[in-house]
> 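Can you keep this structure in mind? I'll have questions shortly.
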Amino acid sequence: MHIADGILSAPVIAAGFGGTVVIAAVTMRKMDLEEIPKISVMSAVFFVANLIHIPVGPTSIHFILNGLVGVILGPRAFAAIMLGVILQAFLFGFGGVTVIGVNCVMLGGGALIAYFIWQLRHRFPVSDKLEVFFGAVAGAVGVAFSGVILALALFTSGDEFWATAGYALAAHVPALIIEAIVVGACVTFLKKARPDMLAGHVQKIYKTGG
Amino acid sequence: MAFDIDRFSHIESSVQRWDPRIKILSLVFFIFVVALLKTIPVAVASLFIALIIIKITNIPFHFVANSIKVIVVFLAPFFLMLPFSYPGEPAFRIIGLPFAWEGFRLSVLIFTKAVAIVLTTNAIFGSARFDISMIALQNLRCPKVLVQMILFTYRYIFVFIDEIKRMEKAMRSKGFVMKANMNTLRTMGNFVGALLIRSFERTSRVYSAMLSKGYEGELHSMVSFKARGKDYVKAGLVVVVTVAVLAVDLLSVFTPAIKGWY
């Protein structure tokens, strides 16, 4: 989830921007012109996914899908999330202009961790069930990481926010479960329809006779 | 929800006429100062300043009210949590919950600042066409790649929202109802997957078309900016007001929100 303007202290805001610049510089190195449209599509998906609400009891939870962005774009996911966060702040005050840095580290960092988890599947024998499992775990970990960073940002901003930090962390648990199921299902679908879209996809080479 | 934030950029006003580069720089300075305010009276004053700026732009208030709604939903947890979880001696108890005025004041401060900032953001990006704002950012040494991608994404957002509406209609007509169960979630996963594939294929077609028309990763524009004296006067005004706000806040004419009302 995002954090809004006017809550965090100056050092936390500065650390957010610093972290974003460093991570963006590292993950966007040697970017090809051809990658631009693909990254933009994913950041638009991230933007729109944040608007889809699913009813849960009396309230509703919106998708975050930063894990899915990581699973599809790999290291470039950070750029996609960053764009999404910037546009959300510009267009309708979702988050805020001064906390763009913190939100980027929070959500983009989650996407990078999700990619890392997703890549771990190569260490195990190939099976479809396993890939779905890793997709689901990647989706969950992306959200969980964001929750932890959010709680940390609140925690370091002052002791009056400690209880809110705890609440924020707890609120991520249902979101995490939903994300795991949705990302798992989405990976299953993409695996069947367009496996080349997933990050780290190794094309199977079939030998033909002759 | 409306995302065409530049819907009212055609209205004549002195904010709309302002050189976008200088407008972005000076108002962003204001935003950052507001985000760091610590006293309620100064925060309220900055909210009034933001309201005045919006008033000058002539953007209808019902348009701006949309973003305020988002902020209210966003900050609701803080309003519910802070007064009841503030460390220290509570003023009184409501149904056994300790209520602390300090926490309540803090949430009022946060809310006031957030609304002021959102209003100012609306004034910045609502008063010029979005592509012109982006070209202004490029002129302000924002990385070109970033500006390119923001423009692409901005375009896709509208395409996607239309696409989602179409796909939703198709799903509804096949009897799909959104519920909190496994089936809904799995269907949503497939929905996102289908949306992704359709979008990727559309994008690669658009991209090939752009390449064949000579796209080389740069935005060439007919727009050129020229700052006049008036633009600098407006910027000077904003900077003076901002510094004054910051000074009153820092000089502790008023006590910070975590200590007392004034």
Side-chain angles (χ1 to χ4, degrees), chain A residues 2 4-7 10 13 28 31 33-34 36-41 43-45 47-49 51-52 54-57 63 65 68 72 79 83-84 86-87 89-94 96-99 159-164 167-168 171 178 181-186 188-190 193-194 197, chain B residues 1 3 5 28 31-32 34-36 66-67 70-71 74-75 77-78 81-82 85-87 102-103 106 109-110 113-114 117-118 121 125 145-146 148-150 152-154 156-157 160-161 164 178-180 182 184-186 188-190 192-197 199-200 203-204 206-207 217 258:
Chain A
H2 298 57
D5 271 319
I7 297 163
I13 290 177
M28 286 170 75
M31 202 161 73
L33 193 59
E34 270 175 45
I36 290 180
K38 194 175 172 186
I39 295 172
S40 304
V41 166
S43 54
V45 166
F47 184 103
V48 173
L51 306 171
I52 304 178
I54 285 193
V56 176
F63 285 136
L65 290 191
L68 182 67
I72 289 180
L83 291 171
I86 290 175
L87 273 168
F90 282 3
L91 297 184
F92 65 123
F94 203 73
V97 175
T98 58
V99 283
D159 54 358
E160 59 271 24
F161 293 116
W162 288 7
T164 319
Y167 160 81
I178 286 180
I181 300 168
V182 171
V183 176
C186 188
T188 319
F189 179 82
L190 288 177
R194 277 285 297 272
M197 265 170 64
Chain B
M1 206 182 279
F3 297 108
I5 188 158
V28 165
I31 285 179
F32 273 89
V34 172
L36 300 176
N66 260 332
S67 357
V70 176
I71 281 290
F74 232 52
L75 292 178
F78 282 89
M81 293 294 297
L82 274 178
S85 65
Y86 198 86
E102 289 87 352
L106 197 58
L109 176 77
I110 288 172
K113 294 198 296 186
I117 290 175
V118 165
T121 314
F125 294 103
V145 193
L146 209 63
Q148 286 293 299
M149 291 199 290
I150 291 181
F152 269 116
T153 308
Y154 182 66
Y156 291 146
I157 287 168
F160 281 15
I161 289 176
I164 284 184
M178 217 190 244
K179 281 184 203 143
M182 200 61 181
T184 301
L185 292 180
R186 247 196 237 122
M188 289 311 281
N190 290 346
V192 173
L195 177 69
L196 276 178
I197 292 176
S199 319
F200 265 69
T203 318
S204 52
V206 171
Y207 184 69
I258 47 168

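Letters A, B, ... are given to chains in the order of the sequence lines, protein chains preceding strands, and every chain is numbered from 1. All figures in this text were calculated on a predicted structure; none of them were measured in a lab.
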> Work out which heavy atom in T153(B) is nearest to a heavy atom in A44(A); give both atom names and the distance.
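Scanning both residues completely, I find the closest heavy atoms to be CG2-N, 3.6 Å.
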
> Is chain A contacted by the side chain of F125(B), its backbone, both, or neither, given a heavy-atom distance below 4.5 Å?
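Answer is side chain: those atoms of F125(B) sit under 4.5 Å from chain A.
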
> How far apart are the closest heavy atoms of A185(A) and G189(B), and which atoms are they?
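That closest heavy-atom pairing would be CB-CA, 4.0 Å.
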
> Select, from T203(B), L36(B), N190(B), the one with the greatest count of heavy-atom pairs under 4.5 Å involving chain A.
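Looking at each option in turn, the highest pair count goes to N190(B).
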
> Would you mind reporting whether F189(A) and I197(B) have side-chain heavy atoms less than 4.5 Å apart?
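Yes, close enough: below the 4.5 Å cut-off.
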
> Output the option from I72(A), V183(A), I181(A) having the highest count of non-hydrogen pairs under 4.5 Å with chain B.
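Of I72(A), V183(A), I181(A), I181(A) has the most heavy-atom pairs under 4.5 Å with chain B.
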
> Tell me, side chain or backbone of V48(A) under 4.5 Å from chain B's heavy atoms, or both, or neither?
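Only the side chain of V48(A) comes within 4.5 Å of chain B.
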
> Mark yes when over 12 heavy atoms from residues, nucleotides or ligands other than R186(B) sit less than 6.0 Å from its CZ; otherwise mark no.
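It does not: R186(B) CZ has 12 such atoms or fewer within range.
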
> Taking all non-hydrogen atoms of both residues, which atom of I36(A) and which atom of M149(B) are closest, and how far apart?
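Looking at all heavy atoms of both residues, the closest pair is CG2-CG, 3.5 Å.
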
> Please look at L33(A) and chain B and tell me whether the side chain, the backbone, both or neither of the residue comes under 4.5 angstrom of a heavy atom of that chain.
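Interface part for L33(A): both.
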
> Let's test your reading of the structure: which of L109(B), V192(B), V206(B) forms the most heavy-atom pairs below 4.5 Å with chain A?
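It is V192(B).
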
> Quick check on the interface: out of E34(A), M28(A), M31(A), who has the most heavy-atom pairs with chain B under 4.5 Å?
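Looking at each of E34(A), M28(A), M31(A) in turn, E34(A) comes out on top.
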
> Please round to the nearest 0.5 Å and tell me the distance separating atom OG1 of T98(A) and atom CD1 of I31(B).
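Going from OG1 on T98(A) over to CD1 on I31(B), the span is 8.0 Å.
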
> Looking at S43(A), G84(A), A193(A), which makes the most heavy-atom pairs under 4.5 Å with chain B?
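The answer is S43(A).
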
> Quick check on the interface: out of L190(A), T188(A), L83(A), who has the most heavy-atom pairs with chain B under 4.5 Å?
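Option with the greatest count: L83(A).
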
> Restricting to non-hydrogen atoms, name the atom on L196(B) and the atom on C186(A) that form the minimum distance, rounded to 0.1 Å.
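Between these two residues, the closest heavy atoms are CD1-SG, 4.4 Å.
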
> Where is the tightest heavy-atom contact between F32(B) and V97(A), given as atom of each residue plus distance?
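Looking at all heavy atoms of both residues, the shortest contact is CZ-O, 4.3 Å.
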
> With heavy-atom distances below 4.5 Å as the criterion, would you say the side chains of V41(A) and F160(B) are in contact?
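Heavy-atom side-chain distance check passes, below 4.5 Å.
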
> What distance do M188(B) atom CE and L65(A) atom CG have between them, rounded to the nearest 0.5 Å?
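Going from the CE atom of M188(B) to the CG atom of L65(A) covers 9.0 Å.
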
> State, to 0.1 Å, how close P37(A) and Y156(B) come at their nearest heavy-atom pair, and which atoms those are.
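Looks like O-CE1, 4.1 Å.
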
